[in-house]
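Report on one structure; see the data block that follows.
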Amino acid sequence: MTVRTRFAPSPTGFMHLGGVRTALYAYLFAKQNNGQFILRIEDTDQERYVPGATEVIYDTLRACGLNWDEGPDIGGPVGPYVQSERKATYMPYAKQLIASGHAYYCFCTKEELEARREAVEAAGGTWKYDKHCLHLSQEEIQAKLDAGVPYTIRMNAPTEGETSYHDTVFGDMTFQNSEAMDDMVLIKQDGMPTYNFANVIDDHLMGITHVMRGMEYLSSTPRYNYLYNALGWEIPTYIHLPTVMRDATHKLSKRDGDAFYSDFIDKGYLTEALVNYLALVGWNPGDDREFFTLPELVEAFDVNRLSKSPGIFDVDKLRWFNAEYIRRMSPERYLELATPWFDQVLGGKNIDYRRLAELMQKRTEIFSQVPDMVRFLAELPDYTAELFDNPKMKVTPASAAEALALCGPVLEAVPEGEWNGEVLYDRLNEAIAAAGQKKRPVLWSLAAALAGQQNTPGGATDIACLLGKAETLRRLGVGANRLQNA
Ligand code: GLU
């Protein structure tokens, strides 16, 4: 048996992180079994059509490296891979189910259904379709069909007994048919199948051996099994995945900007870090390894180690992963990725990005922090003498004033052509030693004056190099002024 898994998103315009994780696991499982990973677009809900939404799915999966073996754009032996293009496929199976008594035509109008639902609910009951049309005679049905009365096709669900099945993650599941089943619509009035019908037909026709999807489908799976059995088809292996949550009680949410893949990419998270972390939200390798490339995940992944408790997506942990990925990348790649973020605040300024990148790489957790961290290079922040109040560094405004007075002439004496880190550092050191001062507080005071802030990426000489001689001296002057007037 060749393993075939599928990712079957509905094109909503966004890729939910839970969806990315489902796709990832389906991909990993297929690949580690030398099987195929199939992409199927579930767009039978035409009212919810969002232009461009399929591209979002393609782009996200591609960025994550989850390349599909068959799909809408590349075709394959069991296409088409877009449900709306398969419309004609479903009806014959619906008719087969009608013929065998597992389904029936329903001519109830929306209004009729609404009225009956209200009556049931008013009496304190829970509405389920009441099999009204199941009892129409053959002649009545034919007459309505001939008259062109709009219809749906419903499943004739059992009302008694129970259905059991095995789920790889959740184990043995048993549902009372009276609760889990209802006469759900299989074919809608517009001739389109519902998800509930199409997933069964397509998974079978596409030869899907392992169905991976969110746990919200656990309780509807008995209905799908009823359809598989009615059609005489083999039931696939089910691998339902727990929901990805922000914490024990909160789902990831659109409003909080933590639900979608694009939310994180826009904030400057790396796809590799996100994929690596997502793999661990609900699965663990059984040892303490945390860093995995996609091929390594293919090796290590094990469906038997999927957890059935909710996957907690911890943004702090992701941030940590991201910082690690940034630290481990080549300086060239960092420079390339950081450049647009530098440009946001430094564009047009004469700043040596390569040098800046060297300082920033180990300090960057996510790229969206970068503009704020380097903004001081474009413009000296406004500050008061309190900037130089730093007990930890043993710096006071008075000591800082002395430090700047010491450094000023030293820097002034360095010729433009020798303005580099080594020379600056040596000269400053000499002068500090000669004055009998301590290096740390003096250089810290200098850095604070050059940056106009207490925390700086790099030390005083790094910043002086980035600013150049003229701007360095100008900022020193501003600092001396602030301290004088304090
Ligand atoms: N289209 C369904 C969804 O987006 C797919 C569920 C499944 O994988 O069967 O939730």
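Throughout, numbering of the chain's residues begins at 1 and tracks the sequence.
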Taking the side chain as everything from C-beta on, heavy atoms only, tell me whether [X] gets closer than 4.5 Å to [Y].
X: Leu97; Y: Ile153; value: no
X: Ile57; Y: Pro11; value: yes
X: Pro222; Y: Met181; value: yes
X: Met173; Y: Thr221; value: no
X: Leu186; Y: Arg154; value: no
X: Leu39; Y: Pro9; value: yes
X: Tyr195; Y: Ser10; value: no
X: Met155; Y: His102; value: no

Does a side chain donor of either [X] or [Y] reach within less than 3.5 Å of an acceptor in the other side chain?
X: Asp314; Y: Tyr277; value: no
X: Tyr269; Y: Asp263; value: no
X: Asp172; Y: His166; value: yes
X: Tyr81; Y: Glu70; value: yes
X: Tyr226; Y: Asn177; value: no
X: Ser309; Y: Ser307; value: yes

Under 3.5 Å, side chain of [X] to main-chain N/O of [Y], donor-acceptor pair present?
X: Arg4; Y: Gln36; value: no
X: Arg319; Y: Glu365; value: no
X: Gln361; Y: Ile326; value: yes
X: Asn199; Y: Asn196; value: yes
X: Asp183; Y: Lys131; value: no
X: Lys308; Y: Gly171; value: no
X: Lys144; Y: Tyr151; value: no
X: Glu471; Y: Gly468; value: no
X: Asn33; Y: Phe29; value: yes
X: Tyr238; Y: His210; value: no

Is it the case that the ring center of Phe313 lies less than 6.0 angstrom away from the ring center of Phe264? yes
Quick check: Phe301 with Trp283 (ring centres under 6.0 Å apart)?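 Distance test on ring centres: under 6.0 Å, yes.
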After noting the C-alpha distance and the side-chain angles of Phe321 and Leu280, does the key distance pass the side chain to side chain contact (heavy atoms under 4.5 Å, CB included) rule? CA-CA 11 Å; Phe321 263 100; Leu280 300 172; 3.7 Å; yes
When rounded to the nearest 0.5 angstrom, what distance separates [atom1] in [X] from [atom2] in [Y]?
X: His204; Y: Ile235; atom1: NE2; atom2: CD1; value: 12.0 Å
X: Glu332; Y: Leu337; atom1: CD; atom2: CG; value: 11.5 Å
X: Phe197; Y: Lys188; atom1: CZ; atom2: NZ; value: 13.0 Å
X: Met245; Y: Leu17; atom1: CE; atom2: CG; value: 13.5 Å
X: Thr152; Y: Met184; atom1: OG1; atom2: CE; value: 12.0 Å
X: Asp352; Y: Asn350; atom1: CG; atom2: CG; value: 8.5 Å

Hey, are [X] and [Y] close enough for a salt bridge, meaning a charged N less than 4.0 Å from a carboxylate O?
X: Lys31; Y: Asp69; answer: yes
X: Asp203; Y: Arg40; answer: yes
X: Glu296; Y: Arg289; answer: no
X: Arg327; Y: Glu324; answer: yes
X: Lys251; Y: Glu216; answer: no
X: Arg375; Y: Asp372; answer: yes
X: Asp182; Y: Arg223; answer: yes

Apply side chain to side chain contact (heavy atoms under 4.5 Å, CB included) to residues Met212 and Arg21 and explain how you reach the verdict. CA-CA 10 Å; Met212 279 199 193; Arg21 192 193 61 169; over 6 Å; no
Return the orientation label for the [X] and [Y] ring planes: parallel under 30°, perpendicular over 60°, tilted otherwise.
X: Phe175; Y: Tyr165; result: parallel
X: Phe14; Y: Phe260; result: parallel
X: Phe37; Y: Tyr27; result: perpendicular

May I have the step-by-step check of ring pair (Phe, Tyr, Trp, His ring centres under 6.0 Å) for Trp68 and Tyr58, ending in yes or no? CA-CA 10 Å; Trp68 48 99; Tyr58 293 164; 5.6 Å; yes
Report the C-alpha separation of Tyr334 and Phe367 in whole Å, then their side-chain angles, then the decisive distance to 0.1 Å, and conclude whether the ring pair (Phe, Tyr, Trp, His ring centres under 6.0 Å) test is met. CA-CA 10 Å; Tyr334 179 85; Phe367 282 100; 5.5 Å; yes
If you draw a 6.0 Å radius around [atom1] in [X], do more than 12 non-hydrogen atoms from other residues or ligands fall strictly inside?
X: Lys128; atom1: NZ; answer: yes
X: Asn455; atom1: CG; answer: no
X: Glu112; atom1: CD; answer: yes

Show your reasoning for whether side chain to side chain contact (heavy atoms under 4.5 Å, CB included) applies to Ile187 and Met192. CA-CA 6 Å; Ile187 301 280; Met192 278 290 186; over 6 Å; no
Using the rule side-chain hydrogen bond (donor to acceptor under 3.5 Å, both in side chains), only one of Thr22, Asp167, Thr168 pairs with His240; which is it?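 Only one option passes, and that is Asp167.
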One pair to check against side chain to side chain contact (heavy atoms under 4.5 Å, CB included): Tyr25 and Thr5. What are the steps and the verdict? CA-CA 9 Å; Tyr25 288 168; Thr5 64; over 6 Å; no
Candidates Thr194, Leu205, Ile201 - the one meeting side-chain contact (heavy atoms from CB on, under 4.5 Å) with Tyr90: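 The single option meeting the side-chain contact (heavy atoms from CB on, under 4.5 Å) with Tyr90 is Ile201.
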Which heavy atom in [X] sits nearest to a heavy atom in [Y], and how many Å separate them?
X: Gly65; Y: Leu294; result: O-CD2, 3.4 Å
X: Pro381; Y: Ala451; result: CD-O, 3.0 Å
X: Ala180; Y: Ser219; result: CB-O, 4.0 Å

